[in-house]
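Only one structure is covered here, and it is reproduced in the block below.
Read the numbers this way: they start at 1 and go in the same order the structure lists the ligands and their atoms. The figures that follow rest on heavy atoms only: side chains count, while hydrogens, waters and symmetry mates do not.
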Amino acid sequence: METINKPAIEGGKPIRDKPIMALPELTEEEIEEIVRVLKSGRWTMSVGTKIREFEEDFKRYINVKHAIAVSNGTTALHLALRASGIGPGDEVITTPFTFIATASTILHQNAIPVFADINIEDYNINPESIEERISDKTKAVIAVHLCGQPAEIMDIKKICMERGLILIEDCAQAIGAEYDGVKVGSIGDVNAFSFYISKNITTGEGGMVTTNNDEIAEKVKLMRSHGETSRYHYTTIGYNYRMTEIQAAIGILQLRKIDELNNRRREIVKIYNDEISDCEAIKTPIEKKRVKHVWHIYNILLEIEKLRKSRDEIYEAIRRENVYVSVAYPTPLYMEPIFQQMTGHGKGCPWTCPHYNKKITYKPGLCPNAEYVSERVLTLPTQPSLTDDEAIDTARAVKKVVKYYMKR
Ligand SMILES: Cc1ncc(COP(=O)(O)O)c(C=O)c1O
């Protein structure tokens, strides 16, 4: 009979003695380049050339007409929304199973996030659910390519074209991903990338807006830097959403390694698949046929009906094995307090848009698949710096804990 090891949380020996520290890939070349920029004194966009070089490289890589570097992925999304004309009272359809910035940037424009449901199989927004939620106020759709797997972006684009809606791709987790051989970030009207520390390439903080639309590109450039048309002259309210030259210098070198970094993520995924795909009570993620998945993270689903513990308890027990797992994401966004406050109950909206109280009811049952997935999801890391041994131990810790808590 198979022996079942006791998890560390129950007094057993943890899989690893010390916690895994998955750090970003940083080479000597990158360090030397950072030092070169620092010594040049040209740290900002107004005096340097690195940002323009990074933008040129990025637009060639994505195969898109314009790439505009910004301070992070959130500011990239905000500019994408504002430059495409989204304003107060406009409805923007998106997924509730995503990072907050996808929806909070809609709020920054005093527009209304309308949540469509996801597919359980790939965790991405479902095109039929988008169609169901279109109203005469709908102006745009934000499709997120979650975990590095493209959403059904061609179907979504068709819906947007037929209904006259703007399509924004949130590519924060999907740098290098493709649908039918076309890179994400070149399909929507305007698109946003993030180079946050955990992303497939990183500049620490950083972001990029991409578009084939000249007018949108001009607006994004203008708003990125105070709406300044010429020195101390301003035509629109803008922001300081600029990237620094130091970030761009790192970005240029990171981008050269993107395919190598994504391939390493794929190797880690193979280790996870080999170790856990036969484990009862775990559903491992799929890679759809028409896509290139870049595995930003590896999200599994725990079949909690077969377990004696909740996902949160399983998560806690796995962490005690000294491996790194997380939960992306534990709650459909509309159930978070920020959105619940908007549903009325006499409390009013924390922002300034008068439309929320009248119109919106964010309530349980709105997106059943997103609720199902949020309750069961567990995230395994795919950072390229993870060693094979660390990836094997991560998978074994998951398996060990899940097996121990199986209903018997
Ligand atoms: C799907 C998604 N959208 C937007 C963002 C925001 O990017 P940033 O953290 O660079 O602001 C992130 C990541 O952090 C993300 O995962």
Side-chain angles (χ1 to χ4, degrees), residues 24 54 58 67-82 86 92-109 113 115-116 118 122-125 140-151 153 156 167-177 184-185 187-188 190-210 220 224 239-244 246-248 250-251 254-255 265 285 293-299 326-334 336 338 370 373-374 377 379-383:
F54 186 31
F58 201 80
I68 303 128
V70 292
S71 49
N72 56 61
T74 307
T75 52
L77 275 167
H78 185 206
L79 289 179
L81 283 156
R82 204 183 135 197
I86 305 305
V92 180
I93 299 177
T94 194
T95 165
F97 191 64
T98 178
F99 183 63
I100 181 68
T102 312
S104 62
T105 48
I106 301 171
L107 300 177
H108 283 305
Q109 281 308 102
F115 294 103
I118 60 167
D122 69 352
Y123 317 130
N124 275 321
I125 195 164
V141 172
I142 304 181
V144 182
H145 305 297
L146 206 81
C147 309
Q149 169 132 264
I153 196 69
I156 297 170
L167 174 58
I168 299 172
E169 290 176 78
D170 180 342
C171 310
Q173 304 188 359
I175 308 161
V184 302
I187 301 159
V190 55
N191 317 299
F193 288 85
S194 163
F195 308 125
Y196 182 64
I197 194 87
S198 60
K199 298 298 191 278
N200 292 41
I201 63 168
T202 181
T203 57
E205 301 277 3
M208 193 75 77
V209 179
T210 58
V220 170
R224 153 177 77 174
Y239 317 90
N240 178 354
Y241 282 176
R242 296 184 303 260
M243 182 178 262
T244 69
I246 302 150
Q247 288 167 285
I250 305 169
Q254 287 266 312
L255 189 60
R265 285 181 188 265
H293 192 328
V294 292
W295 296 105
H296 170 60
I297 43 180
Y298 184 92
N299 267 3
S326 58
V327 177
Y329 297 92
T331 323
L333 284 181
Y334 56 84
E336 285 292 322
I338 171 77
V373 170
S374 311
V377 68
T379 305
L380 277 61
T382 53
Q383 262 103 331

Going by side-chain contact (heavy atoms from CB on, under 4.5 Å), name the residues that satisfy it together with Asn72, two or more places apart in sequence or in a different chain. Thr74, Thr75, Glu205
Plane angle bin for His78 and His108 - parallel if under 30°, tilted between 30 and 60°, otherwise perpendicular: tilted
Using side-chain contact (heavy atoms from CB on, under 4.5 Å) as the criterion, list what pairs up with Thr210, not counting sequence neighbours. Phe58, Val64, Ala67, Asn191, Phe193, Met208
Could you pull out all residues at least two apart from Ser326 that satisfy side chain to side chain donor-acceptor pair (under 3.5 Å)? none
Interatomic distance, CG@Asp122 vs NE2@His293, rounded to 0.5 Å, equals 8.5 Å
State which residue, out of His145, Gln383, Gln173, fulfils the side chain to side chain contact (heavy atoms under 4.5 Å, CB included) condition with His296. Gln173
Inventory of protein N or O atoms under 3.5 Å from ligand 1 N or O:
unit_1	atom_1	unit_2	atom_2	d
ligand 1	3 (N)	Asp170	OD1	3.3
ligand 1	3 (N)	Asp170	OD2	2.8
ligand 1	7 (O)	Ser194	OG	3.4
ligand 1	10 (O)	Gly73	N	2.8
ligand 1	10 (O)	Ser194	OG	2.7
ligand 1	11 (O)	Asn72	OD1	3.4
ligand 1	11 (O)	Gly73	N	3.3
ligand 1	11 (O)	Thr74	N	2.9
ligand 1	11 (O)	Thr74	OG1	2.5
ligand 1	14 (O)	Lys199	NZ	2.9
ligand 1	16 (O)	Gln173	NE2	2.9

